[in-house]
2 protein chains.
Amino acid sequence: MLELAILGFLYEQPLHGYELKRRVAHLTGHVRPIADGTLYPAIKRLERAGLLDRRTEPGTRAAPRHTLTLTDGGRDELLRRLREAGDLDISDENRWFTVLAFLRHLTDPAEQAAVLRRRLSFLEEPSSFFYEGERPLGAEAFGDPFRRGLLRIARATSEAELGWLAETLAGLED
Amino acid sequence: MLELAILGFLYEQPLHGYELKRRVAHLTGHVRPIADGTLYPAIKRLERAGLLDRRTEPGTRAAPRHTLTLTDGGRDELLRRLREAGDLDISDENRWFTVLAFLRHLTDPAEQAAVLRRRLSFLEEPSSFFYEGERPLGAEAFGDPFRRGLLRIARATSEAELGWLAETLAGLED
DNA sequence: AGACTATACATCGGCATCGAGGTATAACGG
DNA sequence: CCGTTATACCTCGATGCCGATGTATAGTCT
């Protein structure tokens, strides 16, 4: 997830680590800080794999910055990861949002639509939060406000996404 | 996250591993299978920590089941983890939903409200997905449908949750 | 002058998770 | 009667992430 986000942001413009940290933290829709101990090793991994170059520059305000630029291999790798997204990238909320954020770089509308369709079929699998044996329980079935909230939030999200998916797929398939 | 879910489900009734797997998979609002290699080691960890007991029973349809029951220590531990949720439990979508699913077990309304308020203040931190330098970008600022979708979905979720939080906190504080 | 804060990068231990593989039993269809 | 499927559990290696800790610099406050 982090690696995808790094590749995605650098696809748009060179950035240094600290700025990447800020952008990745905002990616989920609210601030969810990512640990230094997560970011810098990830950068190193991508660098060792030849996906990005590092250029040291004097810092504007403090310590020297390492400006990171995607190599051609890095650009290809981003596109490959978007095209061939893993199942977890489709089903996990955080990962999916990351894919979505950079899907515009996959210039072929057919390829974009293919990814969206995978998400759609994932969302269309009928499912419920809680079961009593085999029978799924609706919000009505339990009196506590917390599980009712869970269902209410999940439904709002799901409706918004399904609506958007339908519209967008129709647009891409023209 | 997984451990919390296991403790939460077992708080309600004894279950065997396979059934836990099914329930945890549905917890996020849609089916997100959890790997065997994640579940069974987690059960072992909790067992070694004295939080649950295992009772082998002949399987109804197949191999023998290990029915799992929370010990008193396990019940305490669930309540403690709910009360003293980590920052990541509040900010990470998956973890937060797990907390929410079992918050009803924390019988004191004041304690429940305290957890909800932490989530509320997290959601109220102003934040935007993407930045151009210092200036946050709204959905209008970029033409691609994918980031527009991202914002649309995130807003729907956020509104639903904030509405529910306000109502529920008002109810709990009576 | 000294303290503090924000910027900027890095390492390390620990741990939760995935993914692939394996074992075994019971029921069902051909 | 044999293969397949669903049930049920387990192990192991690899990996990605967290959290703590450390270093250094530039600007700001007092």
Side-chain angles (χ1 to χ4, degrees), chain A residues 1-7 14-25 27-28 32-49 52 54-68 81 85-95 98 133-134, chain B residues 1-7 14-25 27-28 32-49 52 54-68 81 85-95 98 133-134:
Chain A
M1 194 242 103
L2 217 208
E3 292 187 6
L4 185 66
I6 295 174
L7 293 174
L15 294 168
H16 57 275
Y18 206 73
E19 176 61 26
L20 265 177
K21 188 174 139 96
R22 277 186 55 239
R23 300 203 182 198
V24 173
L27 191 56
T28 43
R32 210 191 35 150
I34 100 152
D36 279 10
T38 307
L39 177 63
Y40 291 105
I43 291 174
K44 285 216 155 176
R45 280 198 302 276
L46 297 174
E47 197 186 3
R48 266 199 304 271
L52 50 85
R54 178 189 301 247
R55 214 172 49 244
T56 301
E57 284 165 16
T60 16
R61 307 247 272 279
R65 295 171 163 182
H66 295 189
T67 297
L68 308 167
R81 290 196 193 198
D87 287 344
L88 219 64
D89 295 320
I90 301 298
S91 61
D92 182 281
E93 209 73 0
N94 290 329
R95 285 168 178 261
T98 308
E134 289 301 304
Chain B
M1 196 240 102
L2 216 207
E3 292 188 5
L4 185 67
I6 295 173
L7 293 174
L15 295 168
H16 57 275
Y18 205 74
E19 177 60 26
L20 266 176
K21 190 173 137 97
R22 278 187 55 238
R23 300 203 181 198
V24 173
L27 191 57
T28 44
R32 212 193 31 153
I34 100 152
D36 280 9
T38 307
L39 177 63
Y40 290 105
I43 290 174
K44 284 215 157 178
R45 282 198 302 275
L46 296 174
E47 196 187 2
R48 266 199 304 271
L52 51 84
R54 178 189 300 246
R55 214 173 47 244
T56 302
E57 283 166 17
T60 15
R61 309 248 270 276
R65 296 169 162 184
H66 296 188
T67 298
L68 307 167
R81 290 195 193 199
D87 287 343
L88 219 64
D89 295 321
I90 301 298
S91 61
D92 183 280
E93 209 73 0
N94 290 329
R95 285 168 178 263
T98 308
E134 289 301 305

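Letters go in sequence order (proteins before strands), and every chain restarts at 1. Side-chain atoms are counted along with the backbone in the values below, which use heavy atoms only and exclude waters and symmetry mates.
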**Q** On DNA chain D, nearest-nucleotide positions of B:L88 versus B:G17: which is more 5'?
**A**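 Its nearest nucleotide lies further toward 5', so the answer is B:G17.
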**Q** From A:L52 CG over to A:L15 CG, what is the distance, rounded to the nearest 0.5 angstrom?
**A**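 It is 11.0 Å, given to the nearest 0.5 Å.
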**Q** Name the atoms and distances for all side-chain donor-acceptor pairs under 3.5 Å in residues 34-46 of chain B, with sequence neighbours left out.
**A**
unit_1	atom_1	unit_2	atom_2	d
B:D36	OD1	B:K21	NZ	2.9
B:R45	NE	B:E3	OE2	2.7
B:R45	NH2	B:E3	OE2	3.2

**Q** Suppose we screen for side chain to side chain donor-acceptor pair (under 3.5 Å). Which residues come up paired with B:D92, at least two apart in sequence or across chains?
**A**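 Listed in chain order: A:R32, A:N94.
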**Q** CG of A:D92 versus P of D:dG16: gap in Å, rounded?
**A**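 In whole Å, D:dG16 P and A:D92 CG are 15 Å from each other.
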**Q** When rounded to the nearest 0.5 angstrom, what is the spacing between NE2 in B:H16 and CZ in B:R55?
**A**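 So the NE2 of B:H16 and the CZ of B:R55 are separated by 12.5 Å.
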**Q** May I ask you to verify if any side-chain N or O of A:H66 is less than 4.0 angstrom from the OP1 or OP2 atom of C:dA8?
**A**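 No, A:H66 has no side-chain N/O under 4.0 Å of OP1/OP2 on C:dA8.
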**Q** Kindly write out the residues that satisfy side chain to side chain donor-acceptor pair (under 3.5 Å) with B:R54, not counting sequence neighbours, or none if the list is empty.
**A**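 Here the qualifying residues are B:E47, B:H66.
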**Q** Residues two or more places apart in sequence or in another chain: which of them pass side chain to side chain contact (heavy atoms under 4.5 Å, CB included) with B:P14?
**A**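 Residues passing side chain to side chain contact (heavy atoms under 4.5 Å, CB included) with B:P14: B:T67, B:T69.
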**Q** For a quick check, with a 4.0 angstrom heavy-atom cut-off, what is the B/S/- contact string for nucleotides 11-16 of chain C, read 5' to 3'?
**A** BB---S
**Q** Tell me: CZ of B:R48 to C1' of D:dT11, nearest whole Å?
**A**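 Nearest whole value for this atom pair: 13 Å.
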**Q** What integer distance in Å separates B:E19:CD from D:dT7:P?
**A**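 Distance, rounded to whole Å: 10 Å.
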**Q** Provide, to the nearest angstrom, the distance between the CZ atom belonging to A:R22 and the P atom belonging to C:dC9.
**A**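 My rounded result for the distance is 13 Å.
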**Q** Applying the side-chain contact (heavy atoms from CB on, under 4.5 Å) criterion to B:R95, which one of B:I90, B:D89, B:D87, B:L4 satisfies it?
**A**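 That would be B:D89.
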**Q** Find the distance A:R65:CZ to C:dT7:P and express it as a whole number of Å.
**A**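 Distance check: A:R65 CZ to C:dT7 P gives 10 Å.
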**Q** If we fit an axis to the first five pairs and another to the last five of the helix from C:dA1-D:dT30 to C:dG30-D:dC1, what angle do they make, to the nearest 10°?
**A**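 Computed from the C1' atoms at both ends, the axes differ by 30°.
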**Q** Using whole Å, what does the distance between atom C1' of nucleotide D:dT7 and atom CG of B:L20 come to?
**A**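 From B:L20 CG to D:dT7 C1': 15 Å.
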**Q** Whole-Å distance between D:dC10 P and B:I43 CD1?
**A**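 Taking CD1 of B:I43 and P of D:dC10, I get 7 Å after rounding.
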**Q** Can you find a side chain N or O atom of A:R54 that sits less than 4.0 Å from OP1 or OP2 on C:dA8?
**A**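 The answer is no; no side-chain N or O of A:R54 sits under 4.0 Å from OP1 or OP2.
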**Q** Which pair of heavy atoms, one from B:P33 and one from B:A25, lies closest together, and at what distance?
**A**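 Closest pair (atom of B:P33, atom of B:A25, distance): CA-CB, 4.0 Å.
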**Q** D:dT7, C:dC9, C:dC18: which one has an atom nearest the side-chain heavy atoms of B:Y18?
**A**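 Looking only at side-chain atoms, B:Y18 lies closest to D:dT7.
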**Q** Nearest-Å distance, NZ (B:K21) to P (C:dT17)?
**A**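 Distance check: B:K21 NZ to C:dT17 P gives 14 Å.
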**Q** To the nearest 0.5 Å, how far apart are CG in A:L7 and OG1 in A:T98?
**A**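 Separation between the atoms: 11.5 Å.
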